[in-house]
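Quick note on labels: first sequence line is chain A, next is B, and so on, each numbered from 1.
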Amino acid sequence: MLLAGAMASDPKPRVRFAPSPSGYLHIGGARTALFNWLWARKLGGSFVLRVEDTDQDRSSMESVQAILDAMRWLGLDWDEGPGVGGPHEPYFQSDRKAIYRQHCEQLISEGKAFRCYCTKEELDAQRAALKAENPKAQFKYPGTCRDRGDQPDLPHVVRFKAPTEGSTAFDDKVFGIIDTPNKEQQDFVIMRRDGLPLYNFAAVIDDHLMDINLVARGRDHIGNTPHQIMLYRAFGWEPPDFAHLPMMLSPKGEKLSKRHGHVAVQDYEARGYSPMGVLNYLARFGWSFGDQEIFSRQQLIDAFDWTRVNRGDGKFDDKKFADVNFEHLKQPELTDDDAYVARVKPFLEEAGLEHDEVRVRAALPLIRERARDFRDAVNHLDFYLREFPVMDEKAQRKFLVADNAEHLQAFRDHFASFAPWPSDVGQVEPMNEALKSWLEGTGRSMKQVAQPVRVALTGRTASPGLFEVMSVLGRERSLARLDRAVELCRAGG
RNA sequence: GGCCCCAUCGUCUAGCGGUUAGGACAUCGGCCUCUCACGCCGGUAACACGAGUUCGAAUCUCGUUGGGGUCACCA
């Protein structure tokens with residue numbers, strides 16, 4: 001057995017992500033891109049983006065755009081590829097047809113590939129006949145056209161003369177040595193009838209021409225690897241290293257697809273996830289670093305290593321994902337105030353809320369420990385940003401009643417003269433003290449007062465501490481809300 | 001079915017011959033408390049099974065079972 005990839009030297013990695021633009025950026029694809037990107041960034045290598053759009057029926061420019069947008073949103077920048085160019089242009093396979101044709105001709109002239117004139121129908125018929133005779137038999141292309149004369153004018157596909165003796169092995173950076181008997185192979189098609197290359201052929205040529213020295217992709221490509229290695233050898237090229245990643249399965253263990261909910265990166269963007277929240281969850285899926293769960297972008301780059309990538313497939317867990325994202329929103333070290341404000345802004349606009357940046361920043365410490373994503377943050381921000389809060393009907397009925405008017409009025413009057421009014425949520429302690437002594441002095445209980453005040457200020461029964469809210473709202477707005485609540489109590493009661 | 005791969009709490013995982021099998025999410029209690037949240041403390045919960053190797057296996061070998069991938073003129 002000839003072992004590919006075993007003794008590759010260790011130059012700067014040149015890795016690639018090669019999506020097929022037939023939809024959106026799949027969450028599993030994003031992880032593949034991430035691992036490649038991390039490796040390139042860690043070692044100062046290059047991350048190449050190549051668009052595999054040879055199947056014109058399934059590819060679209062909208063899809064290319066969606067994928068590039070998602071990559072940019074995640075911050076997975078590429079050193080070569082669409083938009084940035086590079087020394088190995090073009091980076092769209094649909095612009096490289098001449099290259100594939102030329103290499104195909106080379107293999108044919110060297111006797112390593114041949115034109116096959118069999119039609120799909122003929123092959124199907126042969127397969128059916130074999131099945132009829134022996135249901136368990138495995139149909140393989142019988143080599144009908146292997147030694148038939150070359151007739152380029154006839155409609156044909158081009159097949160690679162695959163070896164049938166021995167085996168093809170490679171040393172995977174994740175799975176170790178994978179050895180596949182060649183007798184399993186058949187003369188596979190490298191060029192379609194319409195002259196367009198098939199995946200295995202185009203990928204090999206591009207990876208070689210683009211100097212890719214490590215191909216990292218999903219485990220579903222393991223079976224393609226022997227084919228590709230055969231092609232490298234046929235061309236006399238050194239195969240790159242390979243690293244295959246375990247699969248991301250649905251919570252039920254099935255292949256992850258749209259029916260399982262959110263699988264497109266853009267779905268998470270729309271839900272208000274943070275790019276680093278997404279990246280962090282994906283990084284920890286099939287890879288670990290001791291007990292560490294939360295990573296900044298730089299920590300990920302520093303810590304990433306193929307030796308810590310696992311082999312077992314995993315099941316997707318939305319709850320864990322949400323929590324990792326939450327962790328990134330909570331910690332200012334991971335999402336600083338500027339980033340937070342910038343990310344939440346479009347969601348505020350979408351909700352039609354006034355984007356009062358000063359007040360948003362003032363409320364941020366309160367929001368951070370409550371909002372699980374930026375969309376959720378808008379909900380928590382809502383009552384700070386309106387003139388008056390939207391009253392929750394049940395809350396109003398229960399707490400803004402005649403009996404509470406007096407408590408609210410007294411609270412309002414007492415704190416109207418309080419000075420200094422806290423300008424920061426961290427400065428509310430004096431007000432808390434004042435509240436306690438006021439309650440004692442007037443014979444009121446916290447229970448009697450707190451919830452009515454809360455509803456008055458926020459329109460809700462759940463919110464941050466009373467004085468934290470008041471410090472964000474400011475004196476005037478707070479008092480106005482209390483006044484309005486007193487009116488509501490009297491009118492409603 | 002052929003070939004390939006995988007197997008630790010429900011989930012993501014640590015473990016790389018000797019551990020009370022650890023962490024995180026989820027879940028269940030409790031503390032904190034003006035509500036919510038954060039935070040803190042604690043509980044339930046795993047080595048798929050069977051043979052070996054070894055003084056000693058979650059760790060090594062083989063088998064069984066289970067799961068996944070792949071067998072296109074898709075990628």
A:D53 side chain to A:S94 side chain, donor-acceptor N/O pair below 3.5 angstrom: yes

Per A:S20 side chain, nearest of listed nucleotides B:A26, B:A75, B:C34: B:A75

First encountered from the 5' end of RNA chain B, between A:C118 and A:D323: A:D323

Value in whole Å for how far the P atom of B:U35 lies from CZ of A:F399: 11 Å

Residues A:K320, A:D323: salt bridge by 4.0 Å N-O rule: no

B:U20: pairing nucleotide in any strand, Watson-Crick or G-U under 3.5 angstrom: none

Gap between atoms CG and C1', on A:L249 and B:G67 respectively (whole Å): 9 Å

Earlier contact from the 5' end, RNA chain B, for A:P197 and A:F316: A:F316

Shortest side-chain distance from A:R58, nucleotide among B:A26, B:C74, B:G68: B:C74

Watson-Crick or G-U wobble partner of B:G42, both distances under 3.5 Å: B:C28

Spacing of A:N310 atom CG relative to B:C5 atom C1', expressed in whole Å: 14 Å

B:U65: pairing nucleotide in any strand, Watson-Crick or G-U under 3.5 angstrom: B:A7

Any side-chain donor near an acceptor of the partner, A:D206 and A:Y100, under 3.5 Å: yes

A:A462 side chain, from C-beta outward: closest of B:C36, B:G68, B:C4: B:C36

Check: A:H244 ring centroid to A:F175 ring centroid under 6.0 Å: no

Per A:Y199 side chain, nearest of listed nucleotides B:C34, B:A75, B:A24: B:A75

Atom P, compared across B:C25 and B:C41: separation rounded to whole Å: 12 Å

Aromatic ring proximity A:W287/A:F295, centre distance under 6.0 Å: yes

Base-pairing mate for B:G52 - Watson-Crick or G-U, with both contacts under 3.5 Å: B:C60

Value in whole Å for how far the C1' atom of B:U27 lies from CG of A:D318: 17 Å

Watson-Crick or G-U counterpart of B:C34, or none if no pair lies under 3.5 Å: none

Residue A:F175, side-chain atoms from C-beta onward, closest of B:C6, B:G23, B:C73: B:C6

Interatomic distance where CD belongs to A:Q331 and P belongs to B:G39 [whole Å]: 9 Å

Proximal nucleotide (of B:U13, B:C34, B:A24) relative to the A:E293 side chain: B:A24

Protein-nucleotide distance (A:F321, atom CZ; B:U13, atom P), rounded to Å: 14 Å

Reported CD-to-NZ distance for the pair A:Q185 and A:K140, which is rounded to 0.5 angstrom: 8.0 Å

Check: A:R454 side chain, B:C34 base, donor-acceptor under 3.5 Å: yes

Spacing of SG belonging to A:C116 relative to CZ belonging to A:F160, to within rounding of 0.5 Å: 15.0 Å

Interatomic distance at P, B:C16 relative to B:C4, whole Å: 30 Å

For atom CH2 of A:W287 and atom P of B:A14, their distance in whole Å: 11 Å

A:K447 side-chain N/O to B:C34 phosphate OP1/OP2 under 4.0 Å: no

Euclidean distance, atom CZ of residue A:F326 to atom C1' of B:A26 [Å, nearest integer]: 15 Å

Shortest side-chain distance from A:K255, nucleotide among B:C34, B:G69, B:G39: B:G69

Nearest-neighbour nucleotide for the A:V189 side chain, B:C74, B:C73, B:C4 considered: B:C73

Selected nucleotide, minimal atom distance to A:R311 side chain, candidates B:A75, B:C38, B:C6: B:C6

Sugar-phosphate only, base, or nothing, as touched by A:H221 at under 4.0 Å among non-hydrogen atoms: base

A:A450 side-chain proximity, nearest of B:U13, B:C34, B:G69: B:C34

Any-strand Watson-Crick or G-U partner of B:G1, both distances under 3.5 Å: B:C71

